[in-house]
Every structure is written in C-alpha cells, then in structure tokens.
Amino acid sequence: MKNRVVLYFSAAQSERPIIYQLIKNTDLIVNILKADINPQKEGYLVVELEGEKDCYEAGIKFLKNLGVIVEPLSQTVVWHDELCIQCGACASFCPTQALAIERDSMIVSFDNSRCVVCGMCLDCCPTLAIKLHFEVKEAV
Amino acid sequence: MTYKKSYEEINEKIRRGEAVVVTAEEVIDVVAEKGYAQAAKEIDVVTTGTFGPMCSSGVFINFGHAKPRIRMQKVWLNGVEAYGGIAAVDAYIGAAQVAENDPENKVYPGRFMYGGGHVIHDLVAGKEIRLEAISYGTDCYPNKSVDTVITLADVNEAFMFNPRNAYQNYNCAVNLGDKTIYTYMGVLKPKMGNAAYSTSGQLSPLFNDPHYRTTGIGTRIFLGGGIGYVAWNGTQHHPNVQRGENGVPMVTAGTLSLIGDLKQMDPNWLVGLSYLGYGPTLAVGVGIPIPILDEEMLRYTAVEDKDIFLPVVDYHQGYPYGNHTDLGFVSFRDLKSGRVNIQGKEVVTTPQSSYPRARQIAAILKAWIQAEKFELTQPVASLPGADSPIDFKSLPDRQPNGVISMIRNRR
Ligand code: SF4
Ligand code: SF4
C-alpha cells in the first residue's frame, strides 16, 4: 500500500534520525514530498510511505511510539479544467511536473498523483482554476 | 510573373466555397513543401489568432431608461464601477476596473477576485448582473437611484470597444531583484527565477502582417468569439521601432483598437482574469484573416517562432523606475520550449497567453471562411506605418498652479 501523511516533530525529536530508523526497521519506501524541519526546531515532513500493509502499520506505530504526530494529508489540489484557459503559467511554478505542458501542442494537463500540494501553482493562476481542497481523511 | 489577387477575387472564391484557407501555422508547412511562389499562388487566406490578457478592453452599454428616468452619474455592475459620464444611461465598463471595497494590495499581494473583466465575462455568459446607479436628480431625470438586475439580453446595446489590443510584440519580463514581485506579467521570481511572456508568436496577428498592409481600419476580424472590426490604431501604437529583416518589430510596436457587438460574442473567448498583486483584467480572443494578395504577403505570414524576438525587460528596476539593464533578446521558439538563456543563465519560461487557444481561434476563423460565413474586407484607411513619425510620449512633470487658477476663473 501507499499513503501520504504529515509527520509533526517536536524540537527534541527533530534531532533524532527518525526517518533512518523508520526505513531500517520497517522496510518501507519513504519518499519525502515536503519538509520544513531544522535541528532543535519543531517542524513537519510530508511523506509518502510505500510497502506491505503490516510494514506500513508497524511504521506508523513506530512513529507514534516516538511521540511523532501522524496525520493524514488533508489537502488536495483540484484543477478545474473548465475554468482553465491553457495559458501554461502554472506549469512553470510546479516543482513536480504535476502541472505540465506538452510542448508540441502547448496543452496543460494535471496529474494528481504527482502533486505534493506545495501550493506554488495556486498563486499564479489568473483564472483561479486551481483550488485547494481540504479533505478530512480518516486517521490511519 | 508574380501572381496577384484582389480582395474581390478572394471573396469571390470564398462565396463559391473554393477559397484555400490555412492557419498561420499551417502556412509554414505549405511553404516548406512548395516554396513561396507556389504557396502564394495556391493560398488565398491565412488566419491568425491570439488569446491572452488584454488590458485596455471594455464594453459600452446602454441600459435603457428607468421609470422615472435617471441621469446615471455613478454606475456599478456587480459592485464594479462603470464610467457613467457619457450620457444618461450609457456607461463603459473597463476590464481593469477593481471592485468597490476590494482589499486591493492592503493584504499584499492582493487577489483581485472580481473586477471589470469578470463583469464582462458574466455579461456575455448571460448571467444576471446587479446594476446600481445614483444621481442628483434633474427636472428631466428626477430619479436619484436605481438598484436592479439586468442581463445582456435586457440592455439596448452592448458593444465591446477595446482601445488597445493585439500588441505587436511585447516584453519578456524578468525580475532582477531578490524578492518575488507581482506584476501584470504574472508572478516573477527573484534573481531571474522565471521569464514571463505573452504572445502567440507565429500565430499572432500583427507578426503575420508586420507592416499593416492588409490589417487596417475596417478590417473584419474574430473578436471574443463573434465578428468584430478594427476601429483605429490602438493606443500606444508605436510602429517606427527597430525591426528585423523580416519586418517583425524587435520591441513593442503596433496595436489595434477593436470593436464588435458583445451580444454575439461567447464567454469562452472573453474570460475575466485575476492577477495576483496587480489587479483584474480580461483575456480576449482575437483572430485576423490575412488575404494573400501577392508573394510578399505570403512571405510575411510564413514567419516562424524562431524568427520572432522579444526584448527581455527587468520588472524590478527597469520597467517601473526606468533604470534599464540591457538583457538582450530571446526568440519565441526558445520561450515556447520552456527554457531560455538570458545572459548565460538558463531561465524557466512562464507563458501568459494561451497558445492552444490561439490555435483554436485561427482554426475557427478558417472554418468560418470555408463555410462562406466570413468575407474579407479591404481597409478603408491604413494604420500609421513603420515610417510614420510617432514619438512614444511620457507624462510631463509640471507644476499645476497656473492651470488651477485658470479652472477657478472659468467657474
Ligand atoms: S500544488 Fe505544487 S505540486 Fe501540486 S500542482 Fe500545484 S505546484 Fe504542482
Ligand atoms: S495557470 Fe490556470 S489557466 Fe493557466 S494553464 Fe494553469 S490552470 Fe490553466
């Protein structure tokens, strides 16, 4: 299974090699999508965890036992095709190519699976075709 | 012998359903295959298109009279002010008008969620629009206020009249400062983090008729999904600038003033825009047909992205304060590829104008002509050309004291 979660760290936890241990102990594939974390400061990581279901559950348990707050990623970006005028401005701001221009046709498309909800595209769309959608997921 | 066609001959072929019409992209392939002379002989019309933010657009509306009558002094449409100082129930709603009570840039950068451009879009879409107007009351127009709901179908006339559209070439905008800036060219990341541009290149109308040979006053065009006309040269029309060998200007040059009946336009081609930190505007769809009168016209329309150059302008110090840094030129082909090289640095490009939509407009116009719905018009007068002595003027900085006393004396 594969899931995206937000991990909130306290200042003390951010000193420890938690992600290293998580990978080592559980065999999960950890893909860091977004990070705002510095030594001796609280912060968060947006990660995508991939692995067998029991590994995933073990991993979440491991994090929770360390006192890390684990929350489901609750925002998604919705691209309103019908509002989009295909200018392409957003694609140059998107770090993951979730919004991308096919160069021959210059047509813009949105691939939700690549979106890390960084929000960069929200500011630059003049038709407000890209919107943040808040989604309350059930806790894992 | 060089081949020549007249407007009448081309229209005759359109009426017979025999005209050969290609888009400004397709003509490039035809030339590659057959050469200029043969292509000029075969092709009758080349269609162009552009769809992008075009400030200096707006709509004149006559609302009809209320009972009792009002001489509208101030007018608002969905809370956006329209200029009412024309006549009793005429007003002009401009695309760039900010809504009343908009937080503007007080919370920087402002969002400008709704403005004049959005009102125009909603009008064309047939939506209900709140109309508020106030006045002081006169013997002939006693009413002092109206607050009602209108739609496009309710008003007597609504015609789009855009003082400046279809800019022939435009700056490629970068930011040399160290903070993100919010401009009419979009969000510009610091230290030349991106390069914004707004033109449809080889599809753009005035790149295909660089010397305004067939585009002039009275030219029938595609405007906002309906039929419009070139009314005049646009404001800031400044044709005597540096040009390439192909006649294409290397900097901002010609502009067009366009007119057309809003009632037959389409909301798909008039879209309200919100520029973060700048303000509202309107994306306008424009398509101009170019008659291939001779080989010279064909050569102009065969212009390619690689032959079109835009000047790179800094919007941190250069544009706003006039402290320009020479950043050279970039080709439209490179801009369209997603990356350009500016002063040895590779920069990601940010388009503002929609190339896919421009392509669709050229295709629609082509289909109209092929379906015998659209004939070409010979301009009734030409636009000022590259040799006309037009200066690009700036605002004078003078002390208004003398003028103030003059105005007082008049009262
Ligand atoms: S939120 Fe970020 S990753 Fe997602 S589409 Fe927008 S710019 Fe791309
Ligand atoms: S910036 Fe907005 S309108 Fe332009 S392509 Fe992206 S989603 Fe579409």
Side-chain angles (χ1 to χ4, degrees), chain A residues 32-36 38 43 46 74-135, chain B residues 25 51-53 109 111-114 117-118 121 180 182-189 193-198 200-201 203 267-285 305 333 335-339 347-360:
Chain A
I32 299 176
L33 303 175
K34 197 178 178 200
D36 185 1
N38 291 293
V46 181
S74 58
Q75 292 176 352
T76 52
V77 160
V78 183
W79 181 59
H80 294 269
D81 194 3
E82 75 287 358
L83 295 177
C84 171
I85 56 167
Q86 295 285 338
C87 67
C90 54
S92 68
F93 288 84
C94 177
T96 66
Q97 298 265 301
L99 283 157
I101 301 178
E102 201 281 299
R103 291 286 158 185
D104 277 338
S105 63
M106 293 301 282
I107 286 178
V108 179
S109 61
F110 177 60
D111 177 356
N112 193 23
S113 69
R114 302 184 94 158
C115 175
V116 294
V117 201
C118 69
M120 289 297 293
C121 58
L122 301 171
D123 283 351
C124 64
C125 175
T127 63
L128 310 172
I130 314 172
K131 295 193 169 91
L132 256 192
H133 179 69
F134 295 87
E135 208 172 65
Chain B
E25 277 186 321
F51 184 77
R111 288 240 62 135
F112 303 98
M113 301 288 282
Y114 197 84
H118 302 86
H121 173 81
T180 297
Y182 303 91
T183 73
Y184 68 86
M185 292 297 287
V187 181
L188 298 176
K189 291 195 258 186
N194 62 329
Y197 66 96
S198 184
S200 56
L203 274 170
N268 205 21
W269 302 109
L270 295 170
V271 177
L273 303 178
S274 304
Y275 269 79
L276 187 70
Y278 171 72
T281 185
L282 183 72
V284 180
D305 288 341
R333 179 190 55 193
L335 285 166
K336 223 168 118 196
S337 77
R339 278 166 200 282
V347 185
V348 170
T349 62
T350 304
Q352 302 296 325
S353 165
S354 173
Y355 197 84
R357 290 271 189 124
R359 185 181 270 156
Q360 280 178 37

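Numbers restart at 1 for each chain; the letters A, B, ... are given by sequence-line order, proteins then strands.
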Could you check whether any side-chain N or O of Arg357(B) sits under 3.5 Å from a backbone N or O of Asn268(B), counting only pairs where one atom can act as donor and the other as acceptor?
yes

Treating Ser354(B) as the side-chain partner and Ile85(A) as the backbone partner, does any N or O pair qualify as donor plus acceptor under 3.5 Å?
yes

Side chain from CB out, backbone as N, CA, C, O: work out which of these in [X] comes under 4.5 Å of a heavy atom of chain A, or both, or neither.
| X | answer |
| --- | --- |
| Ser274(B) | both |
| Ser337(B) | backbone |
| Val271(B) | side chain |
| Tyr197(B) | side chain |
| Phe112(B) | neither |

Would you mind checking which part of [X] comes under 4.5 Å of any heavy atom in chain B, side chain (CB onward), backbone (N, CA, C, O), both or neither?
| X | answer |
| --- | --- |
| Leu83(A) | neither |
| Ile107(A) | both |
| Cys90(A) | neither |

Which atom names give the shortest non-hydrogen contact between Thr183(B) and Tyr275(B), and what distance separates them?
O-CD2, 3.7 Å

Check Lys336(B) with Asp104(A), please: is the shortest side-chain N to carboxylate O separation under 4.0 Å?
no

For chain A, the option from Gly272(B), Pro351(B), Pro280(B) that forms the most heavy-atom pairs under 4.5 Å:
Pro351(B)

Under 3.5 Å, is there a donor on one side chain and an acceptor on the other for Ser92(A) and Asn194(B)?
no

Indicate whether the side chain of His80(A) and that of Thr127(A) have a donor and an acceptor atom separated by less than 3.5 Å.
no

Describe, in one word, how the ring planes of Trp79(A) and Phe110(A) are oriented to each other, choosing from parallel (under 30°), tilted (30 to 60°) and perpendicular (over 60°).
tilted

